[in-house]
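Position 1 is the first residue of the sequence; numbering continues from there.
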Amino acid sequence: QVQVVESGGGLVQAGGSLRLSCAAAGRTFSRYSMGWFRQAPGKEREFVAAINWSGGLSTYAGSVKGRFTISRDNAQNTLYLQMNSLKPEDTAVYYCAAGRRSWDSTVVTGSTPRPADFGSWGQGTQVTVSS
C-alpha cells in the first residue's frame with residue numbers, strides 16, 4: 001500500500017493561494033488514484049478532489065471547482081492541490097488518501113468519492129483562511 005504525508009497548510013487571507021503537497025512512500029504510488037478530503041470542526045469529512053492513477057482524469061467538489069486544481073507527479077511520488085481564491089469556508093484540516101485498488105479509475109469517474117473509497121490516510125494539514 002501507499003503511506004502518505006501532507007504538508008503546505010497554513011494561514012492565508014481570503015483571496016489568497018496555497019499549494020498542498022502529499023508525499024507518498026513506496027514504489028506503488030503511480031498505481032493508485034488519489035484524493036483530497038477536508039474536515040472542518042464539528043463537520044464530517046468531505047470530498048474535495050480526486051485524480052486517477054495516470055493523472056489523466058480528475059473530479060472536484062462543486063464548492064471548489066474552478067478554484068482548486070489537483071495534480072500528481074508520479075516520478076516524484078507526490079500529489080498536489082493548488083488552492084486559489086481561498087474563502088473562509090475553505091478552513092479545515094486537509095487530508096490526502098490513496099484509492100483502495102491499483103489501476104482503478106472508477107473512484108474518479110463514478111459518483112462523488114466517499115472517504116470509504118480510500119485507504120492509507122495521512123495525518124492532515126491545517127488550512128486557515130481569514131476574512
Side-chain angles (χ1 to χ4, degrees):
Q1 258 291 5
V2 179
Q3 291 78 44
V4 296
V5 177
E6 304 92 338
S7 63
L11 173 64
V12 63
Q13 289 188 333
S17 298
L18 281 175
R19 188 175 81 156
L20 305 184
S21 298
C22 173
R27 293 176 293 176
T28 60
F29 172 77
S30 61
R31 300 179 185 178
Y32 292 91
S33 293
M34 299 292 295
W36 286 100
F37 287 76
R38 66 187 182 187
Q39 188 166 18
K43 295 188 176 181
E44 294 187 352
R45 191 166 298 189
E46 66 172 359
F47 168 70
V48 175
I51 190 167
N52 80 322
W53 56 271
S54 70
L57 299 170
S58 60
T59 186
Y60 297 88
S63 59
V64 307
K65 198 169 187 178
R67 300 188 297 123
F68 291 10
T69 302
I70 189 171
S71 62
R72 66 189 298 161
D73 184 337
N74 285 343
Q76 298 296 323
N77 281 5
T78 305
L79 175 74
Y80 301 100
L81 184 69
Q82 177 66 44
M83 306 187 294
N84 299 329
S85 302
L86 282 161
K87 305 175 181 180
E89 51 263 44
D90 294 319
T91 295
V93 177
Y94 283 70
Y95 300 89
C96 73
R100 294 188 180 275
R101 296 180 296 182
S102 58
W103 312 119
D104 178 33
S105 296
T106 59
V107 70
V108 177
T109 60
S111 56
T112 301
R114 306 165 300 161
D117 295 326
F118 294 81
S120 301
W121 293 83
Q123 83 292 345
T125 185
Q126 176 71 47
V127 171
T128 303
V129 184
S130 63
S131 57

Expected output: side-chain Thr91 to main-chain Val129 donor-acceptor under 3.5 Å: yes

Spacing of Gln13 atom CD and Ser130 atom OG [to the nearest 0.5 Å]: 5.0 Å

Derivation and outcome, side chain to side chain contact (heavy atoms under 4.5 Å, CB included), residues Arg72 and Tyr80: CA-CA 6 Å; Arg72 66 189 298 161; Tyr80 301 100; 5.9 Å; no

For the student: nearest non-hydrogen atoms of Gly99 and Tyr32, plus distance: O-CD2, 3.2 Å

Hydrophobic cluster identity match, Trp36 and Val64, side-chain contacts under 4.5 Å: yes

Separation of Glu89 CD from Arg38 CZ (nearest 0.5 Å): 8.0 Å

Any side-chain heavy-atom pair of Gln39 and Glu46 under 4.5 Å: no

Cluster check Leu18, Ile51: I/L/V/M/F/W/Y, side chain < 4.5 angstrom: yes

Asp117: partners by salt bridge (Lys or Arg N to Asp or Glu O under 4.0 Å), with sequence neighbours left out: Arg114

Proximity of Phe47 and Phe37 rings by center, below 6.0 Å: yes

Heavy-atom pair with the smallest gap, counting every atom of Cys22 and Val4: SG-CB, 3.5 Å

ILVMFWY network linking Val12 to Phe68, side-chain heavy atoms under 4.5 angstrom: yes

Salt-bridge present (Arg31, Asp104; N to O < 4.0 Å): no

Fellow cluster residues of Leu11, listed by chain then number, with links counted only when side-chain atoms sit under 4.5 Å apart: none

Side chain to side chain contact (heavy atoms under 4.5 Å, CB included) between Thr109 and Leu57, worked out: CA-CA 8 Å; Thr109 60; Leu57 299 170; 3.7 Å; yes

Co-membership, hydrophobic cluster, residues Phe29 and Tyr95, 4.5 Å side-chain: no

Expected output: side-chain Gln126 to main-chain Gly9 donor-acceptor under 3.5 Å: no

Inter-residue atom distance Asp90.CG - Ser63.OG, 0.5 Å rounding: 7.0 Å

CZ (Arg45) with more than 12 external heavy atoms under 6.0 Å: yes

Side chain to side chain contact (heavy atoms under 4.5 Å, CB included) between Tyr60 and Val48, intermediate numbers included: CA-CA 6 Å; Tyr60 297 88; Val48 175; over 6 Å; no

Nearest non-hydrogen partners of Ala24 and Val2, listed with the distance: CB-CG1, 3.6 Å

Option among Ser105, Ser33, Ser30 that satisfies the side chain to side chain donor-acceptor pair (under 3.5 Å) test with Trp53: Ser105

Distance-only polar pair, side chains of Asn84 and Ser17, donor-acceptor under 3.5 Å: yes

For the student: nearest non-hydrogen atoms of Leu79 and Cys96, plus distance: CD2-CB, 3.9 Å

Straight-line distance of Ser58 OG to Lys65 NZ, nearest 0.5 Å: 8.5 Å

Met83 and Arg67: CA distance, side-chain angles, deciding distance, side chain to side chain contact (heavy atoms under 4.5 Å, CB included) verdict: CA-CA 6 Å; Met83 306 187 294; Arg67 300 188 297 123; over 6 Å; no

In one Ile/Leu/Val/Met/Phe/Trp/Tyr side-chain cluster, 4.5 Å: Ile70, Val5: no

Heavy atoms of other groups near Glu44 CD, more than 12 under 6.0 Å: no

Atom pair CE (Met34) and CZ (Phe118), whose distance is rounded to the nearest 0.5 Å: 8.5 Å

Closest contact, heavy atoms only, Arg101 versus Thr106: NH2-OG1, 3.6 Å

Least distance between heavy atoms, Leu81 atom then Ala49 atom: CD1-CB, 4.3 Å

